[in-house]
Trainee: 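Right, I'll just put the structure down here and ask away after.
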Amino acid sequence: MNLQITVHARMDESALLIKKANCYISINLKDICSFEPTEYFAQPIAKVILADNKNLTPVLYVPWSEEMALTHSKAHG
């Protein structure tokens, strides 16, 4: 099922935080295989490929920004 919802996302030093309906879902950065920046209707997003995790869909699309890219680089640098 392809369900699209609008979310906000931010990154801290250890997790990608996805906000929907006044709550965040936290995904540890170690559980993320890769980020692939792209666009959706001319808005920057990232395709987030997760490690094999039975509780989560293997691919997420989240809003993306240069600030998030810098945070990701610092966390893995």
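Just so you know, these numbers come straight off a predicted model, no measurement behind them.
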Trainee: Would Val48 and Ile32 count as a side chain to side chain contact (heavy atoms under 4.5 Å, CB included) here? Give the steps.
Mentor: CA-CA 7 Å; Val48 181; Ile32 297 173; 3.7 Å; yes
Trainee: Would you say that Ser14 contacts Asp12 through its side chain, given a criterion of any heavy-atom pair below 4.5 Å between the two side chains?
Mentor: yes
Trainee: As an exercise, state the distance from CG of Leu60 to CD1 of Ile49, rounded to the nearest 0.5 Å.
Mentor: 9.5 Å
Trainee: The criterion is side chain to side chain contact (heavy atoms under 4.5 Å, CB included); which residues satisfy it with Ser65, sequence neighbours excluded?
Mentor: Glu67, Met68
Trainee: Please say which of Val62, Ile18, Leu17 ends up in a side chain to side chain contact (heavy atoms under 4.5 Å, CB included) with Ile27.
Mentor: Ile18
Trainee: Would you say the side chain of Trp64 lies within less than 4.5 Å of the side chain of Met11, judging by non-hydrogen atoms?
Mentor: yes
